[in-house]
Protein chains: 2
Amino acid sequence: MEKEHNLSKNQKIIFDIIDKSGEPMKAYSILFDVQKKGIKAPLQVYRALDKLVEIGKIHKIESRNAFIACQNSSCQITKATAFSICESCENVSEISNSKLSKYLSNFSDDSGMKYSKYNLEFFGLCKKCKSK
Amino acid sequence: MEKEHNLSKNQKIIFDIIDKSGEPMKAYSILFDVQKKGIKAPLQVYRALDKLVEIGKIHKIESRNAFIACQNSSCQITKATAFSICESCENVSEISNSKLSKYLSNFSDDSGMKYSKYNLEFFGLCKKCKSK
DNA sequence: CTTGTAAATGTTATATTATTACATACTGTT
DNA sequence: AACAGTATGTAATAATATAACATTTACAAG
């Protein structure tokens with residue numbers, strides 16, 4: 001069984017918007033969209049985003065300062081994220097490739113670091129943009 | 001032979017500061033440090049940073065909005081970067097592991113994406129912080 | 001049911017990170 | 001000398017994120 005997270009009001013509103021959009025959203029664009037629902041300040045958005053990231057419902061695309069809903073059904077892998085990003089159309093999708101995640105989760109070297117988390121971003125051209 | 005990049009005045013000043021520090025530096029902290037050398041405005045810093053990233057002399061640590069000098073002697077791998085980040089002391093170092101870079105450079109999946117670049121950040125605890 | 005505590009909210013102000021727009025100067029070629 | 005490309009200088013502003021403080025809600029323990 002996976003843990004059920006009961007989202008609070010703001011968290012629900014903000015998750016729904018990101019989830020419906022299906023693409024990475026920036027904090028202030030979210031803010032703009034939720035103002036009609038009474039969320040007026042950046043901090044309200046950032047607090048919800050922080051929590052949603054923490055529980056794995058969304059991920060931050062670091063190179064874009066944007067947030068996308070987790071596309072791995074059960075979102076157990078907050079600690080192991082990989083994305084592919086098209087540098088032309090900016091389409092982003094989450095990579096779920098068990099070999100890749102196994103490889104990276106088991107990665108270790110002689111540095112003495114104890115790794116507990118990783119984030120990987122691949123860049124390139126998507127199918128559509130390649131053929132243009 | 002690798003290509004020699006002749007850095008301009010500002011690029012040299014800013015690269016030297018980052019290189020000497022040996023750790024990730026933030027843009028505005030660089031700005032503060034170089035003001036005695038006549039670089040007064042954020043844009044002057046960002047322009048040099050952009051160029052230095054482009055030619056691979058420095059890398060951006062995306063999750064930290066900070067810049068670190070390339071630690072791979074010849075800096076041929078602007079397009080394949082991996083870092084280890086200690087979440088306790090914030091020490092960052094560049095990972096140069098040929099198996100890892102081979103594995104990731106050759107990665108492909110059935111999405112139709114043509115990958116040309118990646119950036120990987122590992123998080124955890126370094127040797128020192130582990131034993132505290 | 002009330003008391004305590006953690007989590008969530010609301011609000012204002014401010015800090016931090018990054019870019020736009022425009023004018024000028026330098027560098028190396030033809 | 002003329003040109004093209006790169007770099008610089010300066011001011012203003014945009015975009016992203018957090019600090020500080022007051023209040024409220026959720027919910028478990030007594």
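Per chain, numbering begins at 1; letters A, B, ... match sequence-line order. Keep in mind the model is a prediction, meaning the values are calculated, not measured.
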What is the separation between atom CZ on A:Arg64 and atom P on C:dA18, rounded to the nearest whole Å? 13 Å
Are the side chains of A:Phe15 and A:Cys70 in touch, meaning some heavy atoms are under 4.5 Å apart? no
Please answer whether C:dT16 and B:Tyr28 are stacked, defined here as ring centres separated by less than 5.5 Å and planes angled under 30°. no
Determine yes or no for a side-chain-to-main-chain donor-acceptor pair under 3.5 angstrom, with A:Glu121 supplying the side chain and A:Glu62 the backbone. yes
Where along residues 36-50 of chain A does a heavy atom come under 4.0 Å from DNA chain C, residue by residue in number order? A:Lys40, A:Ala41, A:Leu43, A:Gln44, A:Arg47
Testing D:dG9, D:dA7, C:dA8 for proximity to the side chain of B:Lys9, the answer is D:dG9
When you measure from the side-chain N and O atoms of B:Asn10 to the phosphate of D:dG9, is any distance below 4.0 Å, counting only OP1 and OP2? yes
Expressed as a whole number of angstroms, how long is the span from B:Lys60:NZ to D:dT16:C1'? 11 Å
Could you verify whether a donor N or O on one side chain and an acceptor N or O on the other, from B:Asp109 and B:Ser111, lie under 3.5 Å apart? yes
Nearest of C:dT9, D:dA17, C:dA18 to any side-chain atom of B:Ala27? C:dA18
Rounded to the nearest Å, what distance is computed from the CD1 atom of residue B:Ile30 to the P atom of nucleotide C:dA18? 10 Å
Would you kindly give the NZ-to-C1' distance between B:Lys51 and D:dG5, to the nearest whole Å? 10 Å
OP1 or OP2 of C:dT17 less than 4.0 angstrom from a side-chain nitrogen or oxygen of A:Asn65, does that happen here? no
When the distance from CE of B:Met25 to C1' of C:dT16 is rounded to whole Å, what number comes out? 15 Å
Any side-chain to backbone donor/acceptor pair from A:Lys57 onto A:Lys51? Under 3.5 Å, distance only. no
Looking at B:Ser8, I'd like to know whether one of its side-chain N or O atoms comes within less than 4.0 Å of OP1 or OP2 on D:dT8. yes
When you measure from the side chain of A:Ser29 to the backbone of A:Met25, do you find a donor-acceptor pair of N or O atoms at a distance under 3.5 Å? no
Side chain of A:Ser131, backbone of A:Lys128: donor and acceptor closer than 3.5 Å? yes
Under 4.0 Å between a side-chain N or O of A:Lys26 and OP1 or OP2 of D:dA15? no
Calculate the interatomic distance between B:Glu62 atom CD and C:dT17 atom P; express it in whole Å. 13 Å
Rounded to the nearest angstrom, tell me the gap between atom CD1 in B:Ile13 and atom P in D:dA7. 14 Å
Where does the angle between the aromatic ring planes of B:Phe122 and A:Tyr115 fall among parallel (under 30°), tilted (30 to 60°) and perpendicular (over 60°)? tilted
Rounded to whole Å, CD1 of B:Ile61 lies from C1' of C:dT17 at a distance of 16 Å
